[in-house]
Trainee: 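Shown below is the structure under consideration.
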Amino acid sequence: VKTRTSSDMLRATKATVWLNGVRVGEHLGNWAPFTLSLADAWKASGENMLVVRVEELPAHFSAGFAREMGRIAGGDSHFGGLWQDVTLFATGDAHLSDLFVKPRLVEKSARIRLEVRARTSTAARVVVSVTDPAGNLVSRREEAVSPAVPQPETWSGPREVDLTLDVPNPRVWSPQSPVLYTATAEVHAGDRLSDRRVMRFGMRSVECKGTQVLLNGEPLMVRGVLHWGYYPDLLNIDPSEDQIRREFRDLRASGFNLV
């Protein structure tokens, strides 16, 4: 059993985590997700209590730019706390610690990189697939991974798996037609599914030539807006999904293509 923060959950410098009174780990630095194993303190029956202590370390280099912006403006700013989700998830003897998809439009393929961690010397098997925007299977690959475990009952370091899957006749992503493909990565320990991750991505290319930005080989005039996410009626930045979608629609209707 592990706990994973969302990408913007932590707003402070240091977080320390306890489960049932047992310290299970800490994370230093804000604006970043982190994952901790709860296996050593988890109770299979009864209640489990997860406690997170958040500290602001003003003099630490990872305190973030918000405090520095406050100083530049002639004042000071302090911030900290948790918001958004903390996710509790269970895996088997192997799990996926990272998944990254790089579309390759010209080559009509997608490069998928993932990291596998394990607490068993048994060979794991990775299965990666890509489906199109309609949900149809486009391609699928398998690869065996032999994780090295230094000691019994400890998680091994990450083993990177780098695969390229074909995406024939790709539907091209653009701001006007934001069609998305789906990459699904699974890791099997023995004959059992141990962990699974899903990521959506668009088939597009981005490059620079001189002073021009090219999207899918065509010049793109970037029209951006800086959205601080300031909501006076809220204590923090936590708008609903409907509100976020409405804001994106309004921004695009106003001629912007970058936020």
Trainee: Check the pair W42 / N48 against side-chain contact (heavy atoms from CB on, under 4.5 Å), numbers first and verdict last.
Mentor: CA-CA 7 Å; W42 180 260; N48 288 270; 3.8 Å; yes

Trainee: Is any side-chain heavy atom of S109 closer than 4.5 Å to one of L165?
Mentor: no

Trainee: So how far is it from T16 OG1 to E55 CD, rounded to the nearest 0.5 Å?
Mentor: 5.5 Å

Trainee: NZ/K108 to CG/N169 distance, rounded to the nearest 0.5 angstrom?
Mentor: 6.0 Å

Trainee: Any side-chain heavy-atom pair from L214 and P219 closer than 4.5 angstrom?
Mentor: yes

Trainee: With a 4.5 Å cut-off on side-chain heavy atoms, are R53 and V17 touching?
Mentor: no

Trainee: Hey, what do you get for CZ (R196) to OG1 (T91), rounding to the nearest 0.5 Å?
Mentor: 15.0 Å

Trainee: Is any side-chain N of the basic residue among E26 and K14 closer than 4.0 Å to the acidic one's carboxylate O?
Mentor: yes

Trainee: Salt bridge (Lys or Arg N to Asp or Glu O under 4.0 Å), that's the test. Do R111 and D162 meet it? Break it down for me.
Mentor: CA-CA 7 Å; R111 182 181 180 185; D162 195 330; 2.6 Å; yes

Trainee: For R23, does the CZ atom have more than 12 heavy-atom neighbours from other residues, nucleotides or ligands under 6.0 Å away?
Mentor: yes

Trainee: In terms of relative ring orientation, are H95 and F89 parallel, tilted or perpendicular, with 30° and 60° separating the classes?
Mentor: tilted

Trainee: Taking a hydrophobic cluster as the set of Ile, Leu, Val, Met, Phe, Trp and Tyr residues connected by side-chain heavy atoms closer than 4.5 Å, whether directly or through intermediates, do V101 and W173 fall within one such cluster?
Mentor: no

Trainee: Among T182, N136, T184, exactly one meets side chain to side chain contact (heavy atoms under 4.5 Å, CB included) together with T131. Which residue is that?
Mentor: T182

Trainee: Do you reckon L99 sits in the same ILVMFWY cluster as V116, going by side-chain contacts under 4.5 Å, direct or chained?
Mentor: yes

Trainee: Can you tell me how far apart OG1 (T164) and CZ (R113) are? Round to the nearest 0.5 Å.
Mentor: 10.0 Å

Trainee: Should S194 and H188 count as side-chain neighbours, where that means a heavy-atom distance under 4.5 Å?
Mentor: no

Trainee: Quick check: closest heavy atoms across A41 and N20, and the distance to 0.1 Å?
Mentor: O-ND2, 2.9 Å

Trainee: Please walk me through it: do D166 and V138 pass side-chain contact (heavy atoms from CB on, under 4.5 Å)?
Mentor: CA-CA 8 Å; D166 293 333; V138 172; over 6 Å; no

Trainee: Can you check whether L220 reaches V206 side chain to side chain, under 4.5 Å on heavy atoms?
Mentor: no

Trainee: Evaluate the criterion side-chain contact (heavy atoms from CB on, under 4.5 Å) for residue pair V225 and L251; output intermediate values, then yes/no.
Mentor: CA-CA 9 Å; V225 58; L251 287 168; 3.8 Å; yes

Trainee: Do N216 and S174 have side chains that get closer than 4.5 Å, going by heavy atoms?
Mentor: yes

Trainee: Any idea which heavy atoms bring P175 and P178 closest together, and the distance?
Mentor: O-CD, 3.9 Å

Trainee: Using side-chain contact (heavy atoms from CB on, under 4.5 Å), reason through W18 and V52 one step at a time and then give a plain yes or no.
Mentor: CA-CA 6 Å; W18 292 265; V52 182; over 6 Å; no

Trainee: Taking the basic N atoms (NZ, or NE/NH1/NH2) and the acidic carboxylate oxygens, is any pair closer than 4.0 Å for E247 and R249?
Mentor: no

Trainee: What closest approach, in Å, do P133 and V179 show between heavy atoms, and which atom pair accounts for it?
Mentor: CG-CB, 4.0 Å

Trainee: How close do Y181 and R171 get, heavy atom to heavy atom, and via which atoms?
Mentor: OH-N, 2.8 Å

Trainee: I need the Q243 CD to F248 CZ distance, nearest 0.5 Å.
Mentor: 12.0 Å

Trainee: How far apart are the closest heavy atoms of S205 and G217, and which atoms are they?
Mentor: OG-N, 3.9 Å

Trainee: Answer yes or no: is there a side-chain heavy-atom contact under 4.5 Å between D195 and E186?
Mentor: no

Trainee: Got a salt bridge between E142 and R125, using NZ or NE/NH1/NH2 to carboxylate O under 4.0 Å?
Mentor: yes

Trainee: Would you mind reporting whether V127 and R140 have side-chain heavy atoms less than 4.5 Å apart?
Mentor: yes

